[in-house]
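Single-structure report; data block below.
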Number of protein chains: 2
Amino acid sequence: MPDAPTDRPERADAARNRRAILRATEELLARHRPEQISMEQVAAAAGVGKGTVFHRFGSRMGLMEALMAERALALTEAVTTGPPPLGPGAPPRERLLAFLDAIVDVVARNKGLMAALGHAASTAPKPDVDPTEDPRTAHPVYGFWHGHIADLLAAHRPGLDAETQAHLLLAGLQSRSVLRLLEQGEGERVAAAVHTLAEALLTAP
Amino acid sequence: MPDAPTDRPERADAARNRRAILRATEELLARHRPEQISMEQVAAAAGVGKGTVFHRFGSRMGLMEALMAERALALTEAVTTGPPPLGPGAPPRERLLAFLDAIVDVVARNKGLMAALGHAASTAPKPDVDPTEDPRTAHPVYGFWHGHIADLLAAHRPGLDAETQAHLLLAGLQSRSVLRLLEQGEGERVAAAVHTLAEALLTAP
DNA sequence: ATCAAACTGGACCGCCGGTCAAGTTGACTC
DNA sequence: GAGTCAACTTGACCGGCGGTCCAGTTTGAT
């Protein structure tokens, strides 16, 4: 629905600024360590005021999430509507292995962003609202990945605690150590290890 | 070497304050979310000046590491000099499973601290010094755990990329999602899942 | 009693995430 | 083209934090 005249899509300058901010964030992320990128820097690099950044993305966390969602979009589409083995149609085992490979790939190409995301849960502006917050609300991309893995695991081996196993498999990609391996160009090694681990889980009793 | 008269062990008041600071940190960690505990609060709760905290521990990260090392000491000793299956003597497979159980236990009893540790790599005071920093230097407790797991894995299944697999197995314990499971009292579930995963890895091709 | 080194504490610095009120601009109507 | 108004932009501002610094205090050996 590109042209819906009634429901206020987005003003032209707003869209331009949103893109500029995301681009600037990408660029900073590529050049500097994520924890030393400030929102002021992002704003300056994008050529907008700091207030604009917060107006558009709400918080540091929101900005990182938006960027991550953009980066993960292709994978999301490949999984939901693309051809096998990633998309629907292939047997769960092959879909899972292909999906894990794809995730390692996305993460490897966005290590800085992953690190920044893991680092963005600071200085909570929320007054309270925190009875161990909802797993699905936090970080939509993670929610989608986790749900997909859990579904495939459950389909292939019903006896498993698929939810927890999915968390364990995904955990590697948030871990500092593994992110560091990826930074050192050991992406293939990590992919192979994840592969081995998943296959073991799918095969063994 | 508890009494070495020549090498300046530690002054009495310094030792007293160090303990007070660690105690205060524990207490704050137990009552508040880790990301909203400031060093000033720690100092105030310990009844010392902020300067003292930084003098003793160098930085937020150093404080958290020291506390973690203290909490992990019992496990370290059990592994190096205790009775099987944790200590030396049992076959690698049993040692590994016992060790993983023990780690989940330690982590479950120190979730706040784990979260704080993961969160402490901010505002790096280092001027530069950062060609993808040394894996072993960062967080001694992690280094020990990782090394032990890798050794046991390698002993039981020489074909494996034990280093990477050890990182993947440990990653779960730094992940927000799994930490949240532990907070919700699902410790047994996590332990069982880790167990299953490790057994699969040890058993399968 | 003396003294140097170790230790202490809190004022101070620079910076950061986030807010807000006032001004600006784009889109739509007539 | 003029008018209208809500969406949007902005940067000064706020509270607070991590970390530094050094004048003053304490310790323990001599």
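Everything numeric in this text was worked out from a predicted model, so none of it was measured. Numbers restart at 1 for each chain; the letters A, B, ... are given by sequence-line order, proteins then strands. As a basis for the values below, the full set of heavy atoms in this structure was taken, side chains included, without hydrogen atoms, waters or symmetry mates.
Using a 30° and 60° split on the angle between ring planes, A/Tyr142 and A/His167 fall in the parallel class, below 30°.
Across the protein-nucleic acid pair, B/Glu35 atom CD and D/dG18 atom C1' stand 16 Å apart, rounded to whole Å. Rounding to whole angstrom units, CD1 of residue A/Ile21 and P of D/dT9 are separated by 8 Å. At whole-Å resolution of the value, NE2 in A/His55 and P in C/dA22 are 18 Å apart. Between the P atom of D/dG15 and the CD atom of B/Gln36 lies a distance of 19 Å, rounded to the nearest Å. Nucleotide D/dC17 holds its C1' atom 18 Å from the CE atom of B/Met61, rounded to whole Å. When the P atom of D/dT20 is taken as reference, atom CZ of B/Arg56 falls 15 Å away, rounded to whole Å. Remark: P of D/dG19 and CG of B/Leu63 are 10 Å apart, rounded to the nearest angstrom. Distance, B/Met39 CE to C/dC16 P: 19 Å, rounded to whole Å.
Take the nearest nucleotide of DNA chain D for B/Gln41 and for B/Gly58: the residue whose nucleotide is more 5' is B/Gln41. Mapped onto DNA chain D by nearest heavy atom, B/Ser38 and A/Ala15 fall at different nucleotides, with A/Ala15 at the one closer to the 5' end.
At most 12 heavy atoms of other shown residues, nucleotides or ligands fall within 6.0 angstrom of atom CD in B/Glu27. Counted within 6.0 Å of CD on A/Glu188, heavy atoms from surrounding residues, nucleotides or ligands total 12 or fewer; the atom is thus considered open.
At least one donor-acceptor pair under 3.5 Å links the side chain of A/Arg157 to the backbone N or O of A/Leu201. In this structure a side-chain-to-backbone donor-acceptor pair under 3.5 Å is present from A/His146 to A/Glu163. At distances below 3.5 Å, at least one donor-acceptor pair connects side-chain atoms of B/Gln41 with backbone N or O atoms of B/Gln36. B/Arg18 places no side-chain N or O within 3.5 Å of a backbone atom of B/Phe57 that could act as its donor or acceptor partner. In terms of modelled atom types and a separation under 3.5 Å, the side chain of B/Arg56 and the main chain of B/Leu63 share no donor-acceptor contact.
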Pairs under 3.5 angstrom only: tabulate donor-acceptor contacts from the side chains of residues 46-53 of chain A to other protein residues two or more places apart or in another chain.
{"residue": "A/Lys50", "atom": "NZ", "partner": "A/Glu40", "partner atom": "OE2", "Å": "3.2"}

Considering only nitrogen or oxygen atoms on both sides, find all protein atoms under 3.5 Å from nucleotides 25-27 of chain D and state each distance.
{"residue": "D/dT26", "atom": "O2", "partner": "B/Arg11", "partner atom": "NH1", "Å": "3.1"}
{"residue": "D/dT26", "atom": "O2", "partner": "B/Arg11", "partner atom": "NH2", "Å": "3.0"}
{"residue": "D/dT27", "atom": "O4'", "partner": "B/Arg11", "partner atom": "NE", "Å": "3.4"}

Between protein and nucleotides 10-12 of chain C, what N or O pairs are separated by less than 3.5 Å?
{"residue": "C/dG10", "atom": "N7", "partner": "B/Gly51", "partner atom": "N", "Å": "3.4"}
{"residue": "C/dG10", "atom": "O6", "partner": "B/Gly51", "partner atom": "N", "Å": "3.2"}

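Contact annotation: B/Asn17 reaches the phosphate of C/dT8 (side-chain N/O to OP1 or OP2, under 4.0 Å).
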